[in-house]
Amino acid sequence: MAKNNPPDLNIRPRILYQVAKAAWEGQLFERKEEICHLLQREFEDKATRRLVANQIRLAMGLEPNNSEEVINEYDEEALMGMGSEPAAISNLQIYENCQGTACETHCPLSTITRDELGQASIDKNQCKTDDQCAQACRFDNLTDKSQFVPLINLLRQNTHKVYASVAPAFAGQFGAEVTAGKLRSALLKLGFSEMVETALYADLVTIKEAFEYNEHVKGEHDFLITSCCCPIWIKLIENKFPDLMVHISPSVSPMIASGRVIKELEPDAKVVFIGPCIAKKSEAQLPDLKGAIDFVLTFQELATILEAATINPASEPDEENPVASWGGRIYARTGGVSAAVGMTLEKLIPRRAEKFNPIKVDGIPDCTKLLEDIRAGKLKANFIEGMACKGGCVGGPGRLLPPEEGTARVNDYGNAAPAHTPVENPQVYSILAKLGHYHDMPAMTGTSKMATILARKLNPAPPK
Ligand code: SF4
C-alpha cells in the first residue's frame, strides 16, 4: 500500500489555544467552524483537513468523526451536557490510513497492532495513554482527548465547588517565580474554588505504604512493589508480569487519594487533577477508582487555558500556604517515593527501617529489565519503585520544563518544606482527624488508628 501520511503539522498547540479561548469566552459553538477554517485553510488535501477537524474534536473532548466538519447537533448536546457529567474517557486516536510505524515501536505495552492492509489500531482496553506513541509520531496522527472544554463549562456554570489538585511536579513548570501561592491565585481567578497540593495526599499515601511494607515484608525473600504513583508501571506489570501482581502494594495514587479525601469531606465538590501525565486520564476512569477525580488536565493544557484567559500566574499575588512535607513534594522525581517511605518508616516504625532496602527505576526499558530480574530471582532489594517516564513525573509528556530542570525545581521546593516527613506534618493529622471516626476504634493506639483509617480510605476498592 502506498504511504499516505499527512505532513508534519505541529498544529495541536494552536488548536488547543483556539478551542480554549473560544470556550473561555463562551463562544465555542458560534466559532467552531471559524476555528476549523482558520486552521484548515493552510491545507488543501481532504485527508489533512479531516485530520484538523478531528484534532479540534479531540480538543473539545469528542470522538473523531472523519469529516471536515467539526461538530453536528448531537455533538453539541453532548458537549453542552458534559459540564455536569464525569469526565469522558480519554483515548489516543490514530489517524485513518496512517502508515507510520514509530507509534508501534514506542508503545511500552504493545497495544498498537496492524491489520492485513497495514492500518494501525490501538487496543483501547490495554492502552494507558502514556503518550509515548504520540510523542514519537511526527505527523500529529496520535493525540489524547482533552477535557478542558467541559471543565471550562463547569467553571463558568459555577454550580459546584471545584478543587484543583496540583501534582508535585508543578514546581517551576509555570516559571521560576511561580510559587504554589501564585499558581493558587491564578487558579482561583480562573474560577476554581480552591487549590490543593497533591503532595499533601502523597504524604498520606507514604504513611500507608510504610504500613504496607511493615505488613508484607517480613522475611528475607519478601518484597513490596509500590503502586502509588505510576499507572503505566502498574499496567506494565499487569500486562507482561501478571505473576508479580501479588507483590503490589494496595494503595491508591496520591491523585486518587486527593479526590477521595476532598469528596469524603465535601461530597458535592468536583476535583480536577493537574499534572504532567496523560495516563492519569485513564487512571481516573478505572472501575475501582472512578468517581474520585472528575477531570484531568496536563500542565500544557492548563498553560494554554491560562494564556487563553490572559491570566499570568507570575503576576498573581503569592498567598502560599505550605502544607506538604519534603517527602510528599519529592514524589515528582525518580526515587522520591522510596526516599519518602524510607524516612517515614524510620519515624513510624524505626525497628523496621533497618532492613528497608529500596531500588528505583525509570523509563520503560529499565522498568522491564528490573521486572525480568525479579522474575529470574536476581532481586537484591525489598521495596521497588518504578516510574515509566525518565526522571519520573518531571519527565511526563504534559510537562513544560526539561526533566533535569524539573527535578532541580522539585528538589528545591522539597528542601523548603516546613516538615521533613508526613509524620511531622500537622496537616496530615488534621486530615486524619477529619476522616477518622475515632470513636469506633477507642481501644487502638495512635499508630493502629492511623493504619486503619488509611486502609479504609485509600485501598484501591471504592470506600464504603
Ligand atoms: Fe505519568 Fe509520572 Fe508515570 Fe510518567 S512517571 S506515566 S508522568 S505517573
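All ligand and atom numbering here is 1-based and tracks the order in the structure.
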Going by salt bridge (charged side-chain N to carboxylate O under 4.0 Å, His left out), name the pairs with one or both residues in residues 177-194, residues two or more places apart or in two chains.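 Checked against salt bridge (charged side-chain N to carboxylate O under 4.0 Å, His left out) - neighbours excluded - the pairs reaching residues 177-194 are Arg184-Glu194, Arg184-Glu319, Lys189-Glu316.
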Would Glu197 and Tyr413 count as a side chain to side chain contact (heavy atoms under 4.5 Å, CB included) if you check the C-alpha gap in whole Å, the side-chain angles of each, and the deciding distance to 0.1 Å? CA-CA 12 Å; Glu197 286 185 57; Tyr413 189 55; 2.9 Å; yes
Give the atoms of ligand 1, by number and element, whose distance to some non-hydrogen atom of [X] is under 4.0 Å.
| X | value |
| --- | --- |
| Cys389 | 4 (Fe), 5 (S), 6 (S), 7 (S) |
| Gly396 | 7 (S) |
| Ile232 | 6 (S) |
| Ala388 | 5 (S) |
| Cys229 | 8 (S) |

Looking at ligand 1, does Pro231 have a heavy atom less than 4.0 Å from it?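 Per 4.0 Å heavy-atom rule, Pro231 contacts ligand 1.
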Any carboxylate oxygen within less than 4.0 angstrom of a Lys/Arg side-chain nitrogen, looking at Lys390 and Glu404? no
Arg375 bridged to Glu372 by N-O distance under 4.0 Å: no
Return the set of residues passing salt bridge (charged side-chain N to carboxylate O under 4.0 Å, His left out) with Glu385 (not counting sequence neighbours), or none when no residue passes.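 With neighbours one apart ignored, the set is empty.
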Atom 3 (Fe) of ligand 1 and Cys230: any N/O/S contact shorter than 2.8 Å? yes
Should Leu187 and Ile274 be marked as a side chain to side chain contact (heavy atoms under 4.5 Å, CB included) after you check the CA-CA gap, both sets of side-chain angles, and the distance that decides it? CA-CA 11 Å; Leu187 289 166; Ile274 302 170; 4.1 Å; yes
